[in-house]
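Data block below; observations after.
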Amino acid sequence: MGQYPEFDQRLIGWVNHIKAQSRAGVHVPSEFVSLDYVLHDIRLYKSREELKLMRRAASISARAHQQAMRICKPGLFEYQIAAEFDYEFRKSNAVHAYSAIVGGGANGCILHYTDNGDPLNDGDLLLIDAGCEVEGYASDITRTFPVNGKYSAAQREIYEIVLAAQKAGIRKVKPGNHWNDPHNAAVRAITRGLMEIKLLKGSLARLIKERAYRKFYMHRTGHWLGLDVHDVGDYKVGDQWRLLEPGMVLTIEPGIYIPAKSKGVRRKWWNIGIRIEDDVLVTRDGCEVLSAAVPKTIQDIEALMAG
Ligand code: GLY
Ligand code: MN
Ligand code: MN
């Protein structure tokens with residue numbers, strides 16, 4: 001209601017049409033009830049058939065990400081990698097669920113980068129956030145890997161922090177935990193990791209309370225996933241975080257972004273932008289990572305890229 005003015009006009013038109021017949025004893029509706037909430041709640045719990053489509057979307061996207069890792073090398077352009085996703089998706093009768101982000105080096109630190117036009121340089125990372133949809137059902141996957149196939153020492157250190165945060169977030173996806181548990185776990189792991197490499201200084205509890213991590217991790221850890229990539233559904237019930245229940249699907253996508261010239265940050269960390277994102281289904285006794293087929297440990301990614 002109120003989202004499609006043309007439809008709202010038609011609805012009022014129908015009511016007026018009925019009103020015109022009221023003297024003939026026709027009952028005129030006196031209330032409008034918004035069904036958004038009911039519909040959104042239905043969309044939150046995926047049926048077996050819906051999950052089939054989401055698994056298929058995740059597996060097509062996973063294949064495209066693997067292919068991108070295989071073909072990537074210095075000298076290619078971001079759009080050439082992006083084209084692999086177009087091809088892999090269309091080949092399977094799928095389409096992009098959102099504009100793909102293919103960002104090398106400094107571009108990996110730009111959260112909504114979609115120009116995808118720059119060359120990929122030796123020594124840089126490549127951040128790819130791309131996912132397809134199948135019959136309307138979306139997938140949403142991010143991986144970050146070295147253009148030349150080998151993470152540098154500095155890239156490795158940041159990568160391991162983001163990976164630990166992502167795993168900590170996924171461990172919290174289970175029935176009975178609430179919506180914000182994975183985010184809290186990821187924030188804790190990122191803050192601890194940034195303290196270990198001295199990018200944050202102070203006590204863990206204080207840094208979390210003061211949200212010091214936001215200098216490097218400025219977005220949330222996920223969102224509902226379904227017919228929309230940022231799907232409908234309440235995140236809170238009243239003023240309490242929603243409890244996770246079997247059949248819900250969400251993303252877990254922590255990141256660390258360190259643009260060049262970041263104040264108080266040594267040059268060796270500059271232009272490292274890393275996000276790792278998976279699609280996670282809440283199951284009866286925990287969770288299932290629908291996008292698990294894309295490698296995400298340093299060892300597995302380097303092995304795939306080495307061919
Ligand atoms: N690709 C959009 C998102 O990660 O939320
Ligand atoms: Mn996402
Ligand atoms: Mn994404």
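Indexing begins at 1, ligand by ligand and atom by atom, following the structure's order. Treat the numbers as computed from the prediction; the structure is a model and nothing was measured. Starting from 1, each residue takes its place in the sequence as its number.
For the Mn ion (ligand 2), the set of nearby N, O or S atoms under 2.8 Å includes one belonging to Glu277. Using a cut-off of 2.8 Å, one finds that His230 contributes no N/O/S atom close to the Mn ion (ligand 2). Backbone or side-chain N, O or S atoms of Asp129 reach the Mn ion (ligand 3) at under 2.8 Å.
Take the Mn ion (ligand 2) as the corner point: the lines to OE2 of Glu253 and to NE2 of His223 open at 80°, to the nearest 10 degrees.
Using the six-membered ring where Trp is involved, Tyr217 and His183 have ring planes that are tilted, between 30° and 60° apart. Between Tyr235 and Trp224, the ring-plane angle classifies as parallel under the 30° and 60° cut-offs.
Checked against the 6.0 Å centroid criterion, the rings of His112 and Tyr98 do not qualify as a close aromatic pair. Taking the six-membered ring wherever Trp is involved, the centroid distance between the rings of Phe85 and His96 does not fall below 6.0 Å.
Looking at Ile101, Asp140, Leu111, Thr142, it is Asp140 that brings a heavy atom closest to atom 3 (C) of ligand 1. Distances from atom 5 (O) of ligand 1 to the heavy atoms of Arg220, Glu277, His230 put His230 nearest.
Salt-bridge annotation for Arg143 and Asp278: present, with a side-chain N of the basic residue lying under 4.0 Å from a carboxylate O of the acidic one.
Shown are Met248, Arg43, His40; of these, the side-chain contact (heavy atoms from CB on, under 4.5 Å) with Asp231 is made only by Arg43.
Using a non-hydrogen distance threshold of 4.0 Å, Asp129 registers as a contact of ligand 1.
The Mn ion (ligand 2) sits nearest to atom OD2 when only the N, O or S atoms of Asp140 are considered.
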